[in-house]
Structures are given as C-alpha cells and as structure tokens.
Amino acid sequence: MPKTTTGRAPAPGTRRTMTAAARAAAKRAERGHREAGAATAGDEESPRRAERPRAGRTVLVDAPKDGWDDPPEPSPESFEEDGPQDRSEPAPGGRRRPLTLLLAVLLVVGLAALAALGWQYRDGRLTESARTEALAAARKAAPVVLSYDYRRLDKDFSTARAHLTGDFRDEYGKTTKTVVAPTAEKYHGVVKATVAAPGSGGTPAASVVSASPDKVVVLLFVNQVTESTQVSGARVDQNRVRMTMDRTGGEWKVSAVDAL
C-alpha cells in the first residue's frame, strides 16, 4: 500500500516572514497608486491652466457694410501695434528744448551787448557835444568873472554871478563883498581880463582837460591888465586858469576857478 505523505504546516517563523513581505508589497502598491493619481491630476490641471485666457485690452474691429458670417478673431499683431512704443529715442520736443534755451541765451547776450554799444555811442556823442559847448561857455565867462571896475562893482559882480553855480557862486559873493570891493574902492582898482589869442601855430589859448556829458574841465590862458593908485601905469599879468564847467538847467556854468 503506497505511503501517503502528509504535508506539514509551516512553522510559525516562516508564517511571520511571509506576512511581513505581504504587508511591504501592499504598501509599495498603495504608494504606486497614489503617485499615479497625483500625476494624472497634474496632467488634467495643466491643460486647464493653459486654457485660461490671458488678461489684455479689448480690440474693436469695424464690421464691413455687408456684415460677416463669423466675426474675425483679433490677431497678435493688433496687441503688438497697440503695445508700448520704444522710448530709446528722445521726443522731438526734448531735442528742441536745449536749442531753444541756447538761442534765448544768445539773444539776451546780443541785446545786452547792443544796449552797451548804444549807450557808449550815445555817451560819446554827448561828451563830444559837451566839450564844444563847455569850452565856448568858459571863453565867454572868464573875462566877466575875472574883471571888475571900482566905479560899478555891484553891476560887475552881479553879472559875474550869473555865470556861476553851486558853492562857488556863494563863495564868490562873500569874497567880492568882504575883500575885493573894499580894496577896489580904496585904491580905485580896475581889472580887465581877456583870454589870450594863440599865436600863429602856437598852443591853443583854451583847451579841454577832461570831459563827460555833464562836467568839463577847461584850461585857459588869461591876460589881466590892472590899474590902481598903487601902481604907476598898467600892469599886465599872464595867468593860467583852470575852470570847471557844470551843466545846469541846459546851460554851462562855472563851478570852480583855480589859478595855476
């Protein structure tokens, strides 16, 4: 009779080893399912993300007169044309501004230079006119101011004061009243002054030392003939006189007299 081999049940240690292996395999399978699900969800989310419309401007497209069946879709060129322009080049107004400022500065400088030249020209003309007028007035005033006659002192001094101005006029009045008049009356003094005439080719008897539009200094050569009871005959004195002439009320008058 054949022998029947009866299988023996696995030992407890072998059973525990198989159970641990099964649990590890189950965990690996579960982890694989989770990763596959996450990948699938990511793949499904990507198209949705790509399909989201981007924010942008609304483009208005004029419809044709007869209309159209399907409205045209805006092209990317429309957005590019409406996009920000390249600002690398300055605007025309920015380039013109420095040029405008430069022209304005040059204009101001030119006007200032023109005004200065005009003032110098005007001052030169006025000074030249002053030289001529003051020299003529000095020639006329010198004989009157430097002459007197004891027989008509008040008249002579009054006439002389008409050619004077400023402090010199007051000083002349005091001097003639307190010094000149008593001496002239006591010695019967008579003084007659004349501007010397220049000799042929000689130095002018009167010339301008300095001049400005309102003040001129004149140098005169004056001859004075003096007669009195103190001298026998007539005495001639040749003097150089410097007269300062000031423009006063449109006229030239003597403001100082200095004997040199």
Side-chain angles (χ1 to χ4, degrees), residues 119 122-260:
W119 182 86
R122 176 179 176 275
D123 186 71
R125 291 286 302 273
L126 291 176
T127 300
E128 189 62 29
S129 176
R131 290 170 64 95
T132 303
E133 294 174 1
L135 183 59
R139 288 177 180 271
K140 182 179 180 180
V144 178
V145 174
L146 300 177
S147 301
Y148 59 87
D149 188 329
Y150 75 98
R151 289 164 293 194
R152 52 177 189 273
L153 291 176
D154 292 340
K155 180 181 178 181
D156 290 346
F157 294 155
S158 177
T159 303
R161 282 197 302 270
H163 292 272
L164 310 180
T165 187
D167 295 338
F168 182 68
R169 176 188 174 92
D170 298 335
E171 183 181 349
Y172 176 86
K174 293 178 181 179
T175 302
T176 53
K177 182 178 181 180
T178 58
V179 178
V180 178
T183 303
E185 290 175 346
K186 181 177 180 180
Y187 298 109
H188 294 179
V190 177
V191 178
K192 185 176 182 180
T194 58
V195 178
S200 178
T203 304
S207 61
V208 175
V209 177
S210 62
S212 68
D214 297 320
K215 183 183 291 290
V216 178
V217 178
V218 179
L219 179 63
L220 301 168
F221 292 86
V222 178
N223 295 329
Q224 284 183 308
V225 179
T226 304
E227 296 179 356
S228 70
T229 57
Q230 291 294 100
V231 295
S232 57
R235 187 185 67 193
V236 179
D237 296 318
Q238 296 179 334
N239 302 316
R240 290 189 306 162
V241 178
R242 182 175 60 201
M243 301 187 73
T244 302
M245 311 295 294
D246 286 358
R247 188 193 295 272
T248 304
E251 297 180 350
W252 289 95
K253 295 187 177 183
V254 181
S255 62
V257 174
D258 299 303
L260 303 178

*Quick one: sort the Tyr172 and Phe157 rings into parallel, tilted or perpendicular, breaks at 30° and 60°.*
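Perpendicular, since the angle between the ring planes exceeds 60°.
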*Find the distance between CG (Asn239) and CG (Leu220) and round it off to the nearest 0.5 Å.*
11.5 Å
_Atom pair NZ/OG of Lys186 and Ser228 - distance to nearest 0.5 Å_ =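 It comes to 12.0 Å.
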Closest approach of [X] to [Y] (non-hydrogen atoms, all atoms of both residues):
X      : Y      : answer
Thr226 : Val231 : O-CG2, 4.3 Å
Tyr187 : Gln230 : CE2-OE1, 3.0 Å
Thr127 : Pro213 : OG1-CD, 3.4 Å
Val195 : Arg139 : CG2-O, 3.9 Å
Tyr148 : Gly189 : CE1-O, 4.0 Å
Ala193 : Gln224 : CB-CG, 3.8 Å

Side chains of [X] and [Y]: closer than 4.5 Å at any heavy-atom pair?
X      : Y      : answer
Leu126 : Asp214 : no
Val257 : Val241 : yes
Asp237 : Arg235 : yes

*Just checking, is any N or O donor in the side chain of Ser129 or Glu133 under 3.5 Å from an acceptor N or O on the other one?*
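Side chains of Ser129 and Glu133: pair found under 3.5 Å.
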*Check each of Thr183, Val190, Val191 against Tyr150 using the side-chain contact (heavy atoms from CB on, under 4.5 Å) test, and report the only one that passes.*
Val190
*Can you establish whether the number of heavy atoms outside Asp154 located under 6.0 Å from its atom CG is more than 12?*
no
